Trainee: 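Questions regarding the structure given below will be posed in turn.
All values below were derived from every heavy atom in this structure, side-chain atoms included, with hydrogens, water molecules and symmetry-related copies excluded. Everything numeric here is computed off the predicted structure, so don't read it as measured data. Counting from 1, the numbers follow the sequence of the chain as shown.
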Amino acid sequence: MQNFRNYYEILGVSPDTPTDEIKRVYRRLARQYHPDLNPGDKEAEEQFKDILEAYEVLSDPGKRTEYDQLSFFLRARQNSRKRNSGSKFSSAEIEYFSQFPTFDSFLDSLLNRRREVNQGQPTGERSRPVERNAEAYTPGRSKVYNTVTSESRPMKRDIEALLTLPLEKAYRGGKERIRLEDGRSLEVDMPPGMVSGEKMRLRKLGMNGGDLYLKITVAPHSFLQIAGNEIYCKLPITPVEAILVGQVEVLTLDGLVKMNLPPGVKSGQKLRLANKGYPDNRGRRGDQVVEIEIQFPTQLTPEQRELYEKLRDLEDNLREPLWKSDAESSD
């Protein structure tokens, strides 16, 4: 394709750059190359136009997706020609992208612009699209329109992609950058409280304006487990903590919280942390169920063994012998 422009290189960013960062880069470059700050500098003026054009496409998620699809199509077609291998694109996709002889014609279609050119303009010379009203037409000029008919435009096609999220990310939601199998990189605003098996619909981000469905899988957590809108976990504590410590710290989706241990807590006993579970589809949270697991040391240091032996001697002195005779008991 003639005159293809790599907008990521123009802005000096990578294809994975989030939209917010692209906006910051654009503002910085626009100030640097603005014609008002560079009077008479034609090179700076052209650079400013390129920056503005790149930002217009990359700051819009839909336009950026279609631009990325074109870039991937051109790279794949070039590689297939080098390897003399067949194309992996459908005939509809090939027909759609092949209808644009130049990058400017693709850009006009993408931005829904009309191109005004002087008659007799040299072939291959880059011209910039200009937005004009019908009243702007004057004799001696002709208008060229890029029209995509229903017969030439391929059918919309929905696609599905798998997305695995850490439990904390699925709980909080927020922006997530994903890369699709077709090479596109998208920034998605994830809602909070997502669960495995849930599907998220992204309109017009499929093929040729179809929809993209993200199938969510929440990765297993090393400590927390989801069960409906409750969170379960097993909390290992030492015998000393079970006897002497009144509070312990427990990991929750909101971070570490302190939990009170009742006197004489036992292994297998379950305690509840209210409203620390997982949100349901109405945003209501369940509880976090904490199962106590008293873990006894398998290897003792000499100091620990000495202390345990002292504790045993104290308990032996306090314990009433079971072999006491009936006569001694009657006394």
Trainee: Suppose we screen for side-chain hydrogen bond (donor to acceptor under 3.5 Å, both in side chains). Which residues come up paired with N281, at least two apart in sequence or across chains?
Mentor: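 Applying side-chain hydrogen bond (donor to acceptor under 3.5 Å, both in side chains) to N281 gives none.
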Trainee: Search all heavy atoms of V250 against all heavy atoms of C233 and return the closest pair with its distance.
Mentor: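 Closest approach of V250 to C233: CG1-SG, 4.3 Å.
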Trainee: State, with a plain yes or no, whether a side-chain heavy atom of P297 is found less than 4.5 Å away from one of Y308.
Mentor: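 Yes, their side chains come closer than 4.5 Å.
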Trainee: Quick one: closest heavy-atom pair of G193 and P279, and the distance?
Mentor: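 Closest approach of G193 to P279, heavy atoms only: CA-CG, 4.0 Å.
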Trainee: Can you check whether I237 reaches L261 side chain to side chain, under 4.5 Å on heavy atoms?
Mentor: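 Heavy-atom side-chain distance check passes, below 4.5 Å.
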Trainee: How about V257 and Q288: do any of their side-chain heavy atoms sit closer than 4.5 Å?
Mentor: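 With C-beta onward as the side chain, the pair stays apart.
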Trainee: Are the side chains of M190 and I216 in contact, using a 4.5 Å heavy-atom criterion?
Mentor: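 A side-chain contact exists here, since the closest heavy-atom pair is under 4.5 Å.
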Trainee: What distance separates T19 OG1 from R24 CZ, expressed to the nearest 0.5 Å?
Mentor: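 Rounded to the nearest 0.5 Å, the OG1-CZ separation comes out at 10.5 Å.
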Trainee: Taking only residues at least two apart or on different chains, which pairs with a member in residues 195-209 satisfy salt bridge (Lys or Arg N to Asp or Glu O under 4.0 Å)?
Mentor: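 Output for this query lists E160-K199, R201-D211.
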Trainee: Does a side-chain heavy-atom distance below 4.5 Å link L186 with L212?
Mentor: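 When only atoms from C-beta onward are counted, L212 and L186 do touch, with a gap below 4.5 Å.
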Trainee: Who are the ring-ring contact (aromatic ring centres under 6.0 Å, His included) partners of Y26, not counting sequence neighbours?
Mentor: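 Expected list: Y55.
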Trainee: Just so I know, are the side chains of I226 and I231 near enough to count as touching, which here means a heavy-atom distance under 4.5 Å?
Mentor: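 Contact flag for I226/I231 side chains = yes.
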Trainee: Rounded to the nearest 0.5 Å, how far apart are CD1 of I10 and CD1 of I51?
Mentor: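 Going from CD1 on I10 over to CD1 on I51, the span is 8.5 Å.
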Trainee: How about Y33 and F48: are their ring centres within less than 6.0 Å of each other?
Mentor: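 Ring-ring flag for Y33/F48: false, centres at least 6.0 Å apart.
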Trainee: Who are the salt bridge (charged side-chain N to carboxylate O under 4.0 Å, His left out) partners of R284, not counting sequence neighbours?
Mentor: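 Testing R284 for salt bridge (charged side-chain N to carboxylate O under 4.0 Å, His left out), a comparison that skips the adjacent residues, returns D280.
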Trainee: Test V289 against E291 for side chain to side chain contact (heavy atoms under 4.5 Å, CB included), laying out the working first.
Mentor: CA-CA 7 Å; V289 179; E291 183 178 343; 5.8 Å; no
Trainee: Would you compute the distance between atom CG of L107 and atom CG of N3 and round it to the nearest 0.5 angstrom?
Mentor: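 Those atoms lie 11.0 Å apart.
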Trainee: Out of curiosity, does L29 fall in the hydrophobic cluster containing L37 (side-chain heavy atoms, cut-off under 4.5 Å, transitive links)?
Mentor: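 Looking at the clustering, L29 is in a separate group from L37.
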Trainee: Quick one: do M259 and V240 end up in the same hydrophobic cluster if we chain Ile, Leu, Val, Met, Phe, Trp and Tyr together by side-chain heavy atoms under 4.5 Å apart?
Mentor: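 No, no single cluster joins them.
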Trainee: Rounded to the nearest 0.5 Å, what separation is found between the CD atom of E53 and the CG atom of L58?
Mentor: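 Taking CD in E53 and CG in L58, the distance rounds to 10.0 Å.
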Trainee: Following the transitive rule for hydrophobic clusters with a side-chain heavy-atom cut-off under 4.5 Å over Ile, Leu, Val, Met, Phe, Trp and Tyr, establish whether L253 and Y232 coincide in one cluster.
Mentor: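 No, separate clusters.
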Trainee: For residues 213-222, pull every pair meeting salt bridge (Lys or Arg N to Asp or Glu O under 4.0 Å), keeping only residues two or more places apart or in separate chains.
Mentor: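 For residues 213-222: none.
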Trainee: Do E45 and K49 meet the salt-bridge criterion of a basic N to acidic O distance under 4.0 Å?
Mentor: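 Salt bridge present between K49 and E45.
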Trainee: Judged by atom type as modelled, is there a donor-acceptor pair below 3.5 Å linking the side chain of N38 to the main-chain atoms of Q32?
Mentor: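 Confirmed, N38 side chain pairs with Q32 backbone.
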Trainee: What heavy-atom pair brings I292 and V265 nearest, and what distance separates the two atoms?
Mentor: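 Residues I292 and V265, closest heavy atoms: CG1-CG2, 3.8 Å.
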Trainee: How would you list all residue pairs meeting side chain to side chain donor-acceptor pair (under 3.5 Å) that involve residues 247-270, not counting sequence neighbours?
Mentor: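 Pairs touching residues 247-270 that pass the test: Y171-D254, Q247-N260, D254-K276, D254-R285.
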Trainee: To the nearest 0.5 Å, tell me how far L110 CG sits from L70 CG.
Mentor: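 Between atom CG of L110 and atom CG of L70 there are 9.0 Å.
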Trainee: List in chain and number order the residues that pass side-chain hydrogen bond (donor to acceptor under 3.5 Å, both in side chains) with S185, two or more places apart in sequence or in another chain; answer none if no residue qualifies.
Mentor: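 With neighbours one apart ignored, the set is D16, R177.
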Trainee: Is it true that L244 and L235 fall in one hydrophobic cluster, defined by side-chain heavy atoms closer than 4.5 Å?
Mentor: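 No: no chain of side-chain contacts under 4.5 Å links L244 to L235.
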Trainee: Starting from L162, walk the hydrophobic network (Ile, Leu, Val, Met, Phe, Trp, Tyr; side-chain heavy atoms closer than 4.5 Å) and list everyone else you reach, by chain and number.
Mentor: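 Reading the cluster by chain and number, L162 sits alone, since nothing else belongs.
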Trainee: Could you list all the salt bridge (Lys or Arg N to Asp or Glu O under 4.0 Å) pairs where at least one residue sits in residues 292-306, not counting sequence neighbours?
Mentor: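 Found E306-K310.
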Trainee: Could you tell me which residues satisfy ring-ring contact (aromatic ring centres under 6.0 Å, His included) with Y8, sequence neighbours excluded, listed by chain and number?
Mentor: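 Expected list: none.
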Trainee: List the atom of A54, the atom of L11, and the distance in Å for their closest heavy-atom pair.
Mentor: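 Between these two residues, the closest heavy atoms are CB-CG, 4.0 Å.
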Trainee: Can you tell me how far the CG atom of L202 sits from the CE atom of M200, to the nearest 0.5 Å?
Mentor: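 Result: 5.0 Å between the selected atoms.
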Trainee: If you look at every heavy atom in S196 and V218, which pair is closest and at what distance?
Mentor: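 Heavy-atom minimum between the residues: OG-N, 2.8 Å.
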Trainee: Y7, V25: one ILVMFWY side-chain cluster at the under-4.5 Å cut-off?
Mentor: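 Yes.
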Trainee: May I ask you to decide whether E66 forms a salt bridge with K63, counting only side-chain N to carboxylate O separations under 4.0 Å?
Mentor: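 K63 and E66: not salt-bridged.
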Trainee: Per the side chain to side chain donor-acceptor pair (under 3.5 Å) rule, what does the pair list look like for residues 218-228, sequence neighbours excluded?
Mentor: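 As it turns out, the side chain to side chain donor-acceptor pair (under 3.5 Å) pairs with a partner in residues 218-228, which skip direct neighbours, are E168-H221.
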Trainee: Kindly give the heavy-atom pair with the smallest separation between S59 and P61, and that separation in Å.
Mentor: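 It is O-CD, 3.7 Å.
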Trainee: Looking at residues at least two apart in the chain, or sitting in another chain, which of them share a side chain to side chain contact (heavy atoms under 4.5 Å, CB included) with L307?
Mentor: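 Side chain to side chain contact (heavy atoms under 4.5 Å, CB included) list for L307, sorted by chain: empty.
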